[in-house]
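Both counts, for ligands and for their atoms, begin at 1 and track the order of listing.
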Amino acid sequence: MSKIAFITGATSGIGKATALLFARQGINLIICGRRADRLEELKSQIESMVKVHILAFDVRDEQAVMKAINSLPEEWKTVDILVNNAGNAHGLAPIHEGSTEDWNAMLDINVKGLLFVSKAIIPGMVSRKSGHIVNIGSIAGKEVYPNGNVYCASKFAVDAITSGMRLDLNPYGIRVTGIHPGLVETEFSLVRFKGDEQRAGSVYKGFKPLVAEDIADVIWYTVNCPPHVMISDLTILPTAQASATIVNKNL
Ligand code: NDP
Ligand code: 8X3
């Protein structure tokens with residue numbers, strides 16, 4: 001029987017690329033995000049390959065998360081792979097200038113949203129003693145960079161939660177993978193800089209950044225490993241990037 005993957009943040013970037021790749025690999029998909037029109041469009045792209053179920057909800061809204069996941073039809077309740085990908089940076093400002101609205105957004109989406117979705121899905125994996133959780137962290141969850149403060153904190157939290165999950169779910173044979181990308185050209189910077197296309201584009205100028213499909217390939221590699229193999233923690237950078245702050249623009 002085909003597996004079922006639940007992918008958050010499937011309307012764009014890494015999540016969408018992962019959904020497209022998983023569909024080509026025959027994995028049935030529950031695709032999530034707030035923008036229902038994009039989910040419908042993605043569904044129409046892949047439904048000739050696999051079964052697709054759409055769940056449109058805001059991961060910040062605990063009630064909405066629980067309602068959406070608890071209302072899954074019976075044939076969709078057995079989630080084999082959870083990709084906790086939804087997230088974004090909001091703003092890039094020194095700590096004394098950052099907006100509390102941005103801080104709330106990052107902590108509510110990147111940390112609490114990931115927890116709410118996990119809370120709704122993991123008990124089923126525990127009862128079945130099987131499953132794979134892939135959490136998308138960041139190089140920002142390994143190194144703090146100037147003005148990254150709260151975004152970095154949210155991704156350090158994802159890293160800690162991922163380690164905690166791995167410990168707590170070890171008795172149940174559930175695999176837990178943390179993937180930590182460096183600079184990937186998606187809508188990420190457009191969201192961070194609130195729609196300023198010029199500023200967003202400048203982040204990726206002068207070197208070859210990763211693309212969403214690079215991360216999708218890595219996610220697929222981790223879920224496609226033999227059952228006794230768990231990729232626990234993986235950082236992936238563009239070749240031009242040596243650390244969170246060092247990017248060679250002269251290659
Ligand atoms: P995108 O902006 O392209 O995609 C973000 C996705 O998250 C969208 O599908 C969006 O869907 C979803 N999302 C955002 N807020 C919410 C919300 N409140 N409720 C539900 N879904 C939400 O960015 P990326 O693909 O780059 O980002 C994906 C993940 O990768 C994030 O966790 C990000 O932190 C991480 N990452 C990105 C890197 C990069 O350089 N791009 C590097 C390292 C990590 P919608 O708006 O429709 O709700
Ligand atoms: C996204 C990568 O370096 O822009 O998490 O924070 S970075």
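Other residues, nucleotides and ligands place more than 12 heavy atoms under 6.0 Å from the CD atom of Glu97. Within 6.0 Å of atom CD in Glu75, more than 12 heavy atoms from other residues, nucleotides or ligands are found, so the atom counts as buried in its surroundings.
Scanning the protein heavy atoms around atom 40 (O) of ligand 1, the nearest turns out to be Val184 N, 2.9 Å. Among protein heavy atoms, the minimum distance from atom 4 (O) of ligand 2 is reached at Phe188 CE2, 3.5 Å. Nearest protein heavy-atom neighbour of atom 2 (O) of ligand 1: Asn88 ND2, 3.0 Å. Nearest non-hydrogen protein atom to atom 38 (C) of ligand 1 is Gly182 O, 3.9 Å. Distance from atom 43 (C) of ligand 1 to its nearest protein heavy atom, with residue and atom name: Pro181 O, 3.2 Å. Of all protein heavy atoms, the one lying nearest to atom 31 (C) of ligand 1 is Asn85 O, 3.2 Å. If you check which protein heavy atom lies closest to atom 9 (O) of ligand 1, you get Thr11 OG1, 2.7 Å. Protein heavy atom in closest approach to atom 2 (C) of ligand 2: Ser138 OG, 3.7 Å. Ranking protein heavy atoms by distance to atom 7 (S) of ligand 2, first place goes to Tyr145 OH, 3.6 Å. For atom 46 (O) of ligand 1, the closest non-hydrogen atom of the protein is Arg34 NH2, 2.9 Å. Atom 25 (O) of ligand 1 has Ile14 N, 2.9 Å as its closest protein atom, hydrogens excluded (heavy atom only).
Distances shorter than 4.0 angstrom do not occur between any heavy atom of Ala212 and any atom of ligand 1. Residue contact annotation: Gly137 has a non-hydrogen atom under 4.0 Å from ligand 1. Distances from ligand 1 to the non-hydrogen atoms of Lys155 include at least one value under 4.0 Å. Distances shorter than 4.0 angstrom do not occur between any heavy atom of Ala140 and any atom of ligand 1. Ligand 1 lies nowhere less than 4.0 angstrom from a heavy atom belonging to Thr8.
Annotation: Tyr204 places no N or O atom under 3.5 Å from an N or O atom of ligand 1; distance criterion only. Any N or O atom pair closer than 3.5 Å counts here, and Gly9 shares at least one such pair with ligand 1. Residue Val59 places at least one N or O, backbone or side chain, under 3.5 Å from an N or O of ligand 1. Between Ser138 and ligand 1, not a single N/O pair is under 3.5 Å apart.
Scanning Ile31, Asp58, Thr186 for the heavy atom closest to atom 18 (N) of ligand 1 points to Asp58. Relative to atom 5 (C) of ligand 1, the option among Ser12, Gly87, Gly15 with the closest non-hydrogen atom is Gly87.
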side-chain contact (heavy atoms from CB on, under 4.5 Å) between Leu42 and Thr11, intermediate numbers included: CA-CA 8 Å; Leu42 176 59; Thr11 58; over 6 Å; no
Steps toward side-chain hydrogen bond (donor to acceptor under 3.5 Å, both in side chains) verdict (Asn84, Ser118): CA-CA 8 Å; Asn84 271 319; Ser118 301; 3.0 Å; yes
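Checking side-chain atoms of Ser154 against main-chain N and O of Leu107 turns up no donor-acceptor pair under 3.5 Å.
The closest side-chain heavy-atom distance from His90 to Val191 is below 4.5 Å.
In this structure, the separation between CD1 on Ile69 and CG on Leu82 is 8.0 Å, given to the nearest 0.5 Å.
Residue contacts with ligand 1 for Tyr151 involve side-chain atoms from C-beta outward but no N, CA, C or O (heavy atoms, distance under 4.0 Å). Using a 4.0 Å cut-off between heavy atoms, Ile109 contacts ligand 1 through its side chain alone, with no backbone atom that close.
With ligand atoms numbered from 1 in the order given, ligand 1 contributes 19 (N), 20 (C) to contacts under 4.0 Å with heavy atoms of Phe57. Remark: ligand 1 atoms within the under-4.0 Å shell around heavy atoms of Ala10 are 9 (O). Ligand-side atoms of ligand 2 in range of Ala140: 6 (O), range being under 4.0 angstrom from any heavy atom.
Hydrophobic clustering of Ile, Leu, Val, Met, Phe, Trp and Tyr side chains at less than 4.5 Å, counting indirect connections, keeps Leu39 apart from Leu55.
Aromatic pair Phe57/Phe116: centroids not less than 6.0 angstrom apart.
Closest of all the heavy-atom pairs between Val176 and His132 is N-CD2, 4.4 Å.
Using the six-membered ring where Trp is involved, Phe22 and Trp220 have ring planes that are perpendicular, over 60° apart on the 30 and 60° scheme.
Salt bridge absent: Glu101 and Lys194 never bring a charged side-chain N and a carboxylate O closer than 4.0 Å. The pair Asp214-Lys208 fails the salt-bridge criterion, with no side-chain N (NZ, NE, NH1 or NH2) lying under 4.0 Å from an Asp/Glu carboxylate O. Arg24 has no carboxylate O lying under 4.0 Å from a charged side-chain N of Glu213, or vice versa, which leaves the two without a salt bridge.
Tested against Ile133, the residues Arg175, Arg166, Met165 include a single side-chain contact (heavy atoms from CB on, under 4.5 Å) partner, Met165.
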